[in-house]
2 protein chains.
Amino acid sequence: MGVTGVATSNRQRRTTIGDVARAAGASISTVSRVVNGVDSVDAALAERVRQVIVELGYRPNAAAQGLARGRSGTIGVLVPDLANPYFHDMLKALSDVARGSGRRVLVMDSGEDPYEERELADDLIRHSDGILLCSPRMPRSDLADLVRRGHPMVVANRVLLGLELHTITADFFRGMLAVCGHLAQLGHREVVYLAGPEASWANAERLRALAAAEDFGLTFRAVPCGATMEAGYEAAPSALEGGTRAVVAYNDFVALGALARFKDLGVRVPEDVSVTGFDDIEMARYSSPALTTVGVPRGRLARLAGEALLRQMQGSAPMDPEAVPVQLQVRGSTAAPA
Amino acid sequence: MGVTGVATSNRQRRTTIGDVARAAGASISTVSRVVNGVDSVDAALAERVRQVIVELGYRPNAAAQGLARGRSGTIGVLVPDLANPYFHDMLKALSDVARGSGRRVLVMDSGEDPYEERELADDLIRHSDGILLCSPRMPRSDLADLVRRGHPMVVANRVLLGLELHTITADFFRGMLAVCGHLAQLGHREVVYLAGPEASWANAERLRALAAAEDFGLTFRAVPCGATMEAGYEAAPSALEGGTRAVVAYNDFVALGALARFKDLGVRVPEDVSVTGFDDIEMARYSSPALTTVGVPRGRLARLAGEALLRQMQGSAPMDPEAVPVQLQVRGSTAAPA
DNA sequence: TTGAAAGCGCTAACAC
DNA sequence: GTGTTAGCGCTTTCAA
């Protein structure tokens with residue numbers, strides 16, 4: 001490992017606002033004003049202070065600012081899986097909103113673990129002015145505890161009625177209904193559903209839609225799966241049992257994994273079996289065949305969530321739940337059964 | 001938008017350590033000790049304090065702790081593109097290391113923008129006990145400025161000699177050399193390189209290896225491209241010009257994009273043209289054909305980086321650069337030219 | 001326009 | 001084992 005590091009006590013005291021004040025011959029408050037852009041400071045003095053700041057390389061201590069101001073300047077976001085581009089797209093949009101209010105985004109990944117999720121949420125609250133929980137898997141009671149804390153908070157991709165909590169979600173139910181309708185119109189009478197995480201509300205909504213589609217004569221069989229490519233790859237064979245002609249995946253990752261497995265097995269898509277995803281991540285366009293999936297406007301979703309959060313941080317109460325529409329994207333992975 | 005929110009001033013003062021102390025009939029320091037698990041506290045008293053803490057729902061104020069302790073308990077990480085699983089894998093490993101030292105990870109995404117990157121790094125420093133810059137694109141001089149700040153910092157995926165800075169990287173040069181060797185042994189005499197971001201050191205290393213491979217009679221032509229699937233998709237046609245039989249992509253994303261485009265164009269891989277990636281992200285195994293690529297041990301890389309960072313936070317000086325080996329993964333996307 | 005000083009909530013000597 | 005208290009570095013009244 002080639003350690004050449006010598007233990008040097010490089011705990012050089014960082015320059016503080018006081019150092020700057022002294023060097024500039026001004027008071028601490030004046031420096032503070034300059035730093036914060038308060039313009040009631042004499043131009044010449046301000047300029048002098050600014051120079052000293054540069055010379056000394058002064059940077060305000062974030063913790064001290066946070067403590068004095070009573071706010072951290074941070075928005076916390078918790079996602080179940082950072083590897084999923086779905087959340088990445090949300091993050092991007094949210095970062096913009098955050099920046100607009102002079103804040104930064106602090107992201108944490110719970111790894112689909114409800115317990116971990118709860119822990120991280122607790123931690124996130126301590127470090128932020130408000131938090132956004134994306135697709136939380138934790139039990140409702142935990143969420144209720146969190147609400148009770150009185151910290152600005154909004155939940156995305158999950159609806160929780162009866163909690164004083166702003167939730168914002170895409171219309172997963174309608175999205176899955178659209179998938180079923182598409183398949184039914186192609187002539188499919190039965191589909192296999194590669195189910196998502198059990199604790200996922202989005203998964204429950206998809207199941208609800210699948211059940212509703214039975215009214216139109218489309219029956220389904222659910223196979224436990226998950227939310228990753230690997231899960232899709234593993235579950236694909238069991239989806240095939242019983243002469244399946246259409247596989248509906250929980251999300252695009254699962255569909256992509258299934259696609260890969262079918263390829264390995266020599267099962268042609270869509271000739272032998274149709275496959276659908278959900279979310280419309282970028283890869284869905286680049287796979288072969290390209291995935292029929294449901295487009296979810298995550299940018300808009302995240303923006304709405306961020307704005308709701310900002311409003312709460314300014315003192316308004318949580319608003320009613322919101323839902324944004326989704327849209328079916330028909331591509332090459334679906335066809336009429338042979 | 002259905003705003004029902006009433007502006008309620010819910011700025012309820014959060015309960016502080018003082019409140020707990022009063023309610024428990026103990027001193028502030030005792031409460032602090034209990035909170036921090038110092039065991040020189042009488043068991044009964046400690047228990048009482050713990051109860052009050054639960055009753056009052058007390059949570060220590062992070063900013064105050066940070067200020068008093070002189071450390072934030074946070075490790076900052078800056079990546080050029082969170083959408084790339086490469087960085088996600090690094091993050092995961094780093095989180096583990098961080099947790100081991102009782103810290104959390106704060107992630108920021110520069111969107112491949114060197115200017116933004118510099119800004120974010122500045123910000124990250126103020127908020128963390130140490131930062132890890134992944135594949136920084138900023139000019140060397142900026143990096144030098146950052147070093148001068150004396151904040152614990154390590155750089156991953158880029159080597160910078162002559163800076164008192166710990167860098168840790170994978171052996172990209174050898175990786176690309178292995179790709180070239182593989183292609184050459186298959187009988188290829190010429191390849192087209194879909195080049196990565198100009199500011200990328202990793203890209204420079206790949207080019208260096210490509211040049212070195214000319215000693216073995218393998219010539220190359222570089223086509224400007226980028227680091228995303230979209231970039232690969234767009235650049236693919238121009239890679240084909242001149243009867244190309246082998247396309248070497250900057251990374252897996254680019255290769256995946258090129259694969260998709262070739263499919264659209266009716267160009268068969270690997271029959272008509274061989275394609276290689278770099279990084280070995282999960283998707284590389286699930287694409288069709290599966291990608292020949294270079295496996296980079298990012299978990300190990302991130303772990304080493306994290307440990308180096310921790311050491312620096314404890315006062316040791318930056319160590320010498322380290323490089324971890326990579327490994328060629330031969331899969332279905334490469335073959336002998338027809 | 002400027003400065004003095006009282007916090008912000010917590011930690012960590014130090015004294016008892 | 002427990003409490004007192006002086007900071008940590010900054011913001012923000014309040015006076016001047």
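All values below were derived from every heavy atom in this structure, side-chain atoms included, with hydrogens, water molecules and symmetry-related copies excluded. The chains referred to below are lettered A, B, ... by the order of the sequence lines, with proteins before strands, and numbering in each begins at 1.
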query: Across the strands shown, which category fits A/Ser32 at heavy-atom distances under 4.0 angstrom: base, sugar-phosphate, nothing?
result: base
field: Interatomic distance, B/His127 NE2 vs D/dG9 P [rounded to whole Å]
entry: 16 Å
DNA chain D: 5'-proximal contact among A/Asn36 and B/Val41 (nearest heavy atom): B/Val41
field: Nearest-Å distance for atom pair CD/P, residues B/Glu47 and D/dG1
entry: 17 Å
- request: Could you tell me the separation between the CZ atom of A/Arg48 and the P atom of C/dT1, rounded to a whole number of Å?
  value: 16 Å
query: Is it the case that A/His151 and A/Gln312 place a side-chain donor and acceptor less than 3.5 Å from each other?
result: no
task: Using a cut-off of 6.0 Å, state whether more than 12 heavy atoms not belonging to B/Glu164 lie near its atom CD.
output: no
message: Measuring to OP1 and OP2 of D/dG9, would you say a side-chain N or O of A/Gln65 lies under 4.0 angstrom away?
response: no
query: CG of B/Asp19 versus P of C/dC10: gap in Å, rounded?
result: 9 Å
Listing time: all N or O pairs from protein to nucleotides 4-8 of chain C that are below 3.5 Å?
from  : atom 1 : to      : atom 2 : distance (Å)
C/dA4 : N6     : A/Ser29 : OG     : 3.1
C/dC8 : O2     : A/Ala68 : N      : 3.4

Whole-Å distance separating the CD1 atom of A/Ile17 from the P atom of D/dC8: 14 Å
query: Out of B/Leu132, B/Val77, B/Val97, B/Asp96, which residue meets the side chain to side chain contact (heavy atoms under 4.5 Å, CB included) rule with B/Val105?
result: B/Val77
field: Residues A/Thr74 and A/Arg104: side-chain donor-acceptor under 3.5 angstrom
entry: yes
- line: A/Arg71 CZ to C/dG9 P, in whole Å, measures 16 Å
message: With no hydrogens and no angle check, just 3.5 Å: does a side-chain donor-acceptor pair link B/Asp81 and B/Tyr86?
response: no
task: Would you please say whether a donor-acceptor pair under 3.5 Å links the side chains of B/Ser32 and B/Ser29?
output: no
message: Using whole Å, what does the distance between atom C1' of nucleotide D/dT2 and atom CZ of B/Arg22 come to?
response: 18 Å
